[in-house]
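The next block holds one structure in the form of structure tokens; read it before the comments.
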Amino acid sequence: MLSIYDAELSSRLLLGTARYPSPAVLAKAVGRSGAGIVTVSLRRETAGGKTGGAFFDLIRQLAVRVLPNTAGCHSASEAILTARMAREVFGTDWIKLEVIGHHDSLQPDVFELVEAARVLCAEGFCVFPYTTDDLVVGEKLLSVGCRVLMPWCAPIGSAAGPRNPSALIAMRSAFPDVPLIVDAGIGRPSHAAMVMELGYDAVLLNTAVAVADDPPAMAEAFGKAIEAGRLAYLSGMLEPRDMAVPSTPVVGKGVFE
Ligand SMILES: CC(=O)[C@@H](O)[C@H](O)COP(=O)(O)O
């Protein structure tokens with residue numbers, strides 16, 4: 001069980017809800033993934049009028065926990081306002097905090113992120129910050145009250161997979177007791193398994209499932225990969241080595257000369 005804020009999570013997969021071909025496909029994908037948490041953009045809900053309301057009704061029927069996000073925000077003040085609105089709309093103190101700083105890479109603006117996290121934590125929000133793999137930023141986010149960190153492994157929607165595994169390893173080692181969730185850039189189940197094998201606690205992904213040819217099947221594949229990666233991490237993996245190690249015992253072998 002993964003414990004984050006006030007919740008015990010049985011699944012280590014968090015699923016985004018954008019870009020699915022239809023609400024029905026989204027519902028099937030969530031079901032087959034086994035995810036217990038889905039992220040939802042407040043902007044979609046409030047901007048969409050009827051569509052937004054119908055979409056939220058669908059999410060409610062999925063019987064999963066909703067983690068609203070501040071997608072589309074570019075400053076601390078915008079993200080803070082969006083988080084406050086999300087608390088009203090979704091009836092939860094949980095907020096996935098996204099403050100985008102760079103146009104092409106959608107890299108978070110970590111300065112605005114820390115400021116928004118400081119204000120929201122002080123207001124009692126349970127903040128899930130989407131951040132870079134920078135250790136100092138991680139420390140700052142924890143110091144203002146975040147109890148989970150969500151580093152990217154590659155730009156949102158890129159499907160590039162872990163671009164800097166060394167940084168992810170350093171982060172795991174620097175924050176051994178903090179739940180760490182890789183958020184953004186996962187493209188394949190093997191990417192998800194890899195970060196779980198590094199000791200990450202969970203994975204948040206969206207695009208790789210939503211735009212797959214068969215999103216429900218891909219969701220299931222990710223769910224299985226994440227479980228496999230976790231199990232492998234807990235099972236004690238072999239360290240790679242340069243030289244061969246015979247797998248068949250050589251002691252007592254027959255001599256044919
Ligand atoms: C920060 C952010 O927006 C991500 O949570 C995104 O929703 C998922 O990233 P991918 O679409 O790359 O999986």
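Computed from a prediction, not measured in an experiment: that's the story for all the values here. Quick note: numbers below take in every heavy atom, side chains included, and nothing from hydrogens, waters or symmetry partners. Counting starts at 1 for both ligands and their atoms, following the listed order.
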Per-atom contacts, ligand 1 versus [X] - under 4.0 Å to a heavy atom:
| X | answer |
| --- | --- |
| Lys96 | 1 (C), 2 (C), 4 (C), 5 (O) |
| Tyr130 | 1 (C) |
| Leu205 | 13 (O) |
| Leu204 | 5 (O) |

Practice item. Return the residue, atom name and 0.1 Å-rounded distance of the protein heavy atom closest to atom 9 (O) of ligand 1. Key: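 Of every protein heavy atom, Ala184 CA, 3.3 Å lies nearest to atom 9 (O) of ligand 1.
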Calculate, to the nearest 0.5 Å, the distance between atoms [atom1] and [atom2] belonging to [X] and [Y] respectively.
| X | Y | atom1 | atom2 | value |
| --- | --- | --- | --- | --- |
| Ile181 | Leu67 | CD1 | CG | 8.0 Å |
| Asn206 | Ile186 | CG | CD1 | 12.5 Å |
| Thr82 | Arg84 | OG1 | CZ | 10.5 Å |
| Arg147 | Leu142 | CZ | CG | 11.0 Å |
| Ile226 | Asp201 | CD1 | CG | 12.0 Å |
| Leu15 | Leu205 | CG | CG | 6.0 Å |

Point to revise | Which segment of Asp183 sits under 4.0 Å of ligand 1 when only heavy atoms are counted | key: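 Contact part for Asp183 vs ligand 1: side chain (C-beta onward).
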Are any of the N/O atoms in [X] less than 3.5 Å from those in ligand 1?
| X | value |
| --- | --- |
| Asn206 | yes |
| Thr207 | yes |
| Gly185 | yes |

Check your understanding: Touching ligand 1 at all, Gly16? Heavy atoms, strictly under 4.0 Å?
Key ->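 In this structure, Gly16 fails to qualify as a contact of ligand 1 - no heavy atom is under 4.0 Å.
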Point to revise | Residue-ligand contact Gly157/ligand 1, heavy atom below 4.0 Å | key: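 True for this residue.
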Review point. Where does the angle between the aromatic ring planes of Tyr130 and Trp152 fall among parallel (under 30°), tilted (30 to 60°) and perpendicular (over 60°)?
Key: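 Perpendicular: the ring planes of Tyr130 and Trp152 meet at over 60°.
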Practice item. Kindly give the heavy-atom pair with the smallest separation between Ala35 and Val64, and that separation in Å. Key: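 Closest heavy-atom pair between Ala35 and Val64: O-CG1, 3.4 Å.
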